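Quick caveat, the model's predicted, so the values are computed rather than measured.
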Amino acid sequence: YDVAVTPKMSVLDALFDILERQDPTLSFRYSCRAQMCGSCAMLIDGREGLACGRRLETLGPTVTVEPLRHLPLVKDLVVDMAPFFAGYAAVDPTFAGGDTDVPALIPPSSGLRAAVDQHLGCISCGACYSACPIVGANPRYAGPAALNRVYTLVADVRDEATARRLALVSGADGIFSCRCAGNCVDVCPVNIAPMFAIQRLRRRAAQP
């Protein structure tokens, strides 16, 4: 498709232009258009990214867009995210804080929050899942985002399910399958480093 580029036009803007002017059948996902929801994740010139955050002026005269890898194709740029979220479900991603109704607090001055701060804020866009070569080789692998979530719980001193979580992710389809390619770090739009979370989980799992 040929698109007339305007200043600050994003890849998502171009897709809307195509949809409205050239091809009303074109299918793609979007929601916030502000790099917050992750809905518009796709391959842009062969690299995972958010279409709303990539400016055409930073790309070449020809831009190639493709659906995320390792996920079933629904239509055009729309993929079925079910395998991605199945990886989440498989690792027990919910906080276990005991039976008390009283919130367990971490004082800001304790320094304990620093252990997880850099791993919070995942928007579940699937970019790391798409970029991970291990997911491509082993569809049963939980994926970087799911394992990053496990780390945020294991590193939280208030969580009471550390042993169970580590057991869930220490099998053949978990943390020891990662080959530290670093793709997940490179493509995360919110600057989370799942590979480092996985390495820290390995150290925890190896402790007696």
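Val187 and Val63 are assigned to two separate hydrophobic clusters, defined by single-linkage of ILVMFWY side chains at heavy-atom distances under 4.5 Å. Val74 and Met42 fall into different hydrophobic clusters, where Ile, Leu, Val, Met, Phe, Trp and Tyr side chains are chained together by heavy-atom contacts under 4.5 Å. Cluster annotation: Ile198 and Val185 are assigned to distinct hydrophobic clusters (Ile/Leu/Val/Met/Phe/Trp/Tyr, side-chain heavy-atom contacts under 4.5 Å, transitive). Taken together through direct or relayed side-chain contacts under 4.5 Å among Ile, Leu, Val, Met, Phe, Trp and Tyr, Leu15 and Leu19 form part of one hydrophobic cluster. Hydrophobic clustering, with ILVMFWY side chains joined whenever heavy atoms are under 4.5 angstrom apart, keeps Met195 apart from Val116.
Taking 4.5 Å as the limit, some side-chain heavy atom of Arg202 sits within range of a side-chain heavy atom of Cys178. Counting heavy atoms from C-beta on, the side chains of Leu153 and Arg149 come closer than 4.5 Å. For the pair Leu71 and Asp80, the minimum side-chain heavy-atom distance is 4.5 Å or more. A heavy-atom distance below 4.5 Å is found between the side chains of Asp92 and Arg164. Between Tyr1 and Arg21 there is no side-chain heavy-atom pair separated by less than 4.5 Å. Contact check for Arg204 versus Leu166: side-chain heavy atoms found under the 4.5 Å cut-off. A 4.5 Å side-chain heavy-atom check between Ser39 and Cys32 finds every atom pair outside the cut-off. The closest side-chain heavy-atom distance from Cys40 to Arg29 is not below 4.5 Å.
With ring centers used as reference points, Tyr151 lies 6.0 Å or more from Phe196.
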* To do: In sequence, state the C-alpha distance, the side-chain angles, and the governing distance for Gln118 and Ile192, and then conclude on side chain to side chain contact (heavy atoms under 4.5 Å, CB included).
  => CA-CA 6 Å; Gln118 61 183 313; Ile192 291 173; over 6 Å; no
* To do: Give the C-alpha distance, both sets of side-chain angles, the deciding distance and a yes or no for side chain to side chain contact (heavy atoms under 4.5 Å, CB included) between Val190 and Cys122.
  => CA-CA 7 Å; Val190 291; Cys122 174; 5.7 Å; no
* Asked: Given the rule in the salt bridge (charged side-chain N to carboxylate O under 4.0 Å, His left out) test, do Asp13 and Lys8 qualify, once you have shown the distances and angles that lead to the verdict?
  -> CA-CA 9 Å; Asp13 292 332; Lys8 298 184 179 181; over 6 Å; no
* Asked: Can Gln22 and Val3 be said to form a side chain to side chain contact (heavy atoms under 4.5 Å, CB included), step by step?
  -> CA-CA 9 Å; Gln22 302 182 57; Val3 175; 4.3 Å; yes
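The shortest non-hydrogen separation linking Val79 to Leu68 is CG1-O, 3.8 Å. Heavy-atom minimum distance, Val78 versus Leu73: O-CD1, 3.5 Å. In plain terms, the two heavy atoms of Asp45 and Leu59 that are nearest each other are OD2-CD2, 4.0 Å. Annotation for Ala14 and Leu56: closest pair CB-CD1, 3.8 Å, computed over non-hydrogen atoms. Ile175 and Ala205 make their closest contact through CD1-CB, 4.0 Å (heavy atoms, listed as atom of the first residue, atom of the second, distance).
Of the possible donor and acceptor atoms, none in the side chain of Arg54 sits under 3.5 Å from a partner among the backbone N and O of Val11. A donor-acceptor pair is defined here as one N or O able to donate and one able to accept, closer than 3.5 Å; such a pair exists between the side chain of Asp159 and the backbone of Ala96. Formation of a donor-acceptor pair under 3.5 Å by the Lys75 side chain with backbone atoms of Thr25 is found in this model. Judged by distance alone, with hydrogens and angles left aside, the side-chain atoms of Thr6 form no donor-acceptor pair with the main-chain N or O of Met9 at under 3.5 Å.
The number of heavy-atom neighbours closer than 6.0 Å to OH of Tyr30, taken from other residues, nucleotides and ligands shown, is 12 or below. Heavy-atom contacts from other residues, nucleotides or ligands closer than 6.0 Å to CZ of Arg158 number more than 12.
Between atom CZ of residue Arg47 and atom CD of residue Glu66 there is a gap of 14.5 Å, rounded to the nearest 0.5 Å. Taking OG1 of Thr94 as the reference point, atom OH of Tyr88 lies at 12.5 Å (rounded to 0.5 Å).
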Between side-chain atoms of residues 123-148 and protein atoms elsewhere (two or more places apart, or another chain), which donor-acceptor pairs fall under 3.5 Å?
residue: Ser130; atom: OG; partner: Glu48; partner atom: OE2; Å: 2.7
residue: Ser130; atom: OG; partner: Arg69; partner atom: N; Å: 2.8
residue: Asn138; atom: OD1; partner: Arg140; partner atom: N; Å: 3.0
residue: Asn138; atom: ND2; partner: Asp173; partner atom: OD1; Å: 2.9
residue: Asn148; atom: OD1; partner: His119; partner atom: ND1; Å: 3.0
residue: Asn148; atom: ND2; partner: His119; partner atom: O; Å: 2.9

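Listed by first and then second residue, the salt bridge (charged side-chain N to carboxylate O under 4.0 Å, His left out) pairs that reach into residues 111-124 are Arg113-Asp117, sequence neighbours excluded.
Exactly one residue among Ile18, Val65, Leu77 makes a side chain to side chain contact (heavy atoms under 4.5 Å, CB included) with Phe28. That residue is Leu77.
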